[in-house]
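Report on one structure; see the data block that follows.
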2 protein chains.
Amino acid sequence: MAIDGLDGRLITLLDAEPRIGVLEASRRLGVARGTVQARLDRLRAGGVIRGFGPQVDPAALGYPVTAFATLEIRQGQGADVRAHLAGVPEVLELHTTTGEGDMLCRLVARSNADLQRVIDRVVGFEGIVRASTTIALENPVPLRIIPLVEQAAQES
Amino acid sequence: MAIDGLDGRLITLLDAEPRIGVLEASRRLGVARGTVQARLDRLRAGGVIRGFGPQVDPAALGYPVTAFATLEIRQGQGADVRAHLAGVPEVLELHTTTGEGDMLCRLVARSNADLQRVIDRVVGFEGIVRASTTIALENPVPLRIIPLVEQAAQES
DNA sequence: GCTCCGGCTGGACATCCTGTCCAGTGAAAT
DNA sequence: ATTTCACTGGACAGGATGTCCAGCCGGAGC
């Protein structure tokens with residue numbers, strides 16, 4: 001779905017100050033409240049804004065260690081492996097990929113030592129042939145979307 | 001920060017239905033409104049809930065292709081590379097890592113063909129020695145946090 | 001065993017926001 | 001020129017919010 005400059009400014013504003021409501025947003029953007037409401041409805045209907053769920057920080061929950069694991073799967077075991085990984089709370093994300101491995105997953109753990117336990121649990125499944133793990137040290141660019149939103153907004 | 005069962009249920013509820021307010025949440029959880037408000041304040045103060053920003057779907061914005069790039073950096077060029085990557089809108093996330101590469105970044109692109117342009121832009125920087133890219137095909141486990149929240153809540 | 005304290009309850013209050021209408025205006029497309 | 005569409009500015013009732021408060025309870029510490 002294409003978005004214009006106003007959509008972009010709205011998303012950016014909501015990202016910076018999620019607590020403000022439709023009315024306050026309309027004041028900041030200099031448009032009528034109905035306009036903001038219509039834009040929001042359109043963005044939600046178009047799937048651009050999926051929701052406003054709470055952004056939970058795993059580190060604050062006691063899981064400060066993040067790691068990425070590349071998994072190699074035995075042929076035909078894909079579905080089983082997915083189900084297995086979906087059952088591990090420390091697996092925050094899973095992708096199937098091209099290239100060397102077959103899957104890439106994001107893990108968190110309570111400590112480097114605890115990461116071993118998590119990895120054991122992840123790879124302790126017959127369908128997984130091999131796993132290669134790298135620990136994330138710093139996070140210079142945290143998951144973000146605003147720059148992309150602005151680029152998409154300008155291309156309108 | 002430790003969370004208890006009520007915190008866990010509250011986060012899960014907010015994740016499932018972000019539009020409900022404090023009052024409705026208190027009704028669903030069977031506690032007083034003040035309790036929910038106090039819990040929410042505590043979770044935000046403790047950093048567990050970082051905010052309620054809009055969850056934007058890159059695919060809906062016209063960037064349906066996701067890829068992960070492992071970068072090898074020339075010694076001492078880390079800071080420059082970070083700044084460079086932070087300036088590329090299609091770079092959604094960047095980590096420094098242990099292991100084979102020095103950095104891992106998440107990219108999006110408008111198409112497989114467009115991914116080439118993004119990669120060229122990413123690696124078109126002197127500090128980057130080598131890059132290895134894998135395309136994400138499926139996403140069996142989208143970025144999630146609830147299972148981890150529930151585990152953290154049970155350990156209380 | 002007793003007291004203190006923190007967390008929860010249930011209620012109050014004024015203020016503000018929300019969802020949902022509507023008619024009028026302007027600009028762009030046909 | 002006419003239609004169409006988005007935006008404006010306003011209205012309305014209903015409800016939520018932020019912020020108090022007194023009272024109650026159970027656990028921790030003395």
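None of the values given here were measured: they were computed from a predicted structure.
Taking a heavy-atom distance under 4.0 Å as the criterion, the stretch of DNA chain C touched by chain A extends 5' to 3' from C:dC17 to C:dT20.
A donor-acceptor pair is defined here as one N or O able to donate and one able to accept, closer than 3.5 Å; such a pair exists between the side chain of B:Arg144 and the backbone of A:Val91. Looking at B:Asp114, its side chain does come within 3.5 Å of a backbone N or O of B:Arg110 through a donor-acceptor pair.
Residue A:Glu72 places its CD atom among more than 12 non-hydrogen atoms of other residues, nucleotides or ligands, all under 6.0 Å distant. The environment of B:Glu155 atom CD is dense: over 12 non-hydrogen atoms of other residues, nucleotides or ligands sit within 6.0 angstrom.
For the segment residues 29-39 of chain A, the set of residues with a heavy atom within less than 4.0 Å of an atom of DNA chain D comprises A:Val31, A:Ala32, A:Arg33, A:Thr35, A:Arg39, in numerical order.
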Give the C-alpha distance, both sets of side-chain angles, the deciding distance and a yes or no for side chain to side chain donor-acceptor pair (under 3.5 Å) between A:Asp120 and A:Gln116. CA-CA 6 Å; A:Asp120 286 346; A:Gln116 184 61 54; 3.0 Å; yes
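Between the CD atom in A:Glu90 and the OH atom in A:Tyr63 there is a gap of 5.0 Å [rounded to 0.5 Å].
Using a cutoff of 4.0 Å between basic side-chain nitrogens and carboxylate oxygens, A:Asp4 and A:Arg9 are not scored as salt-bridged. Under 4.0 Å is where a charged nitrogen must lie from a carboxylate oxygen, and between B:Arg106 and A:Glu93 at least one such pair does.
We find that CZ of A:Arg27 is positioned 16 Å from C1' of D:dT8, with the value rounded to whole Å. The interatomic distance linking B:Leu40 (CG) with D:dT19 (C1') rounds to 16 Å, in whole Å. Rounded to an integer number of Å, the gap from CD of B:Glu24 to P of D:dG14 is 18 Å. One can place CG of A:Leu23 at 15 Å from P of D:dA11, the figure rounded to the nearest angstrom.
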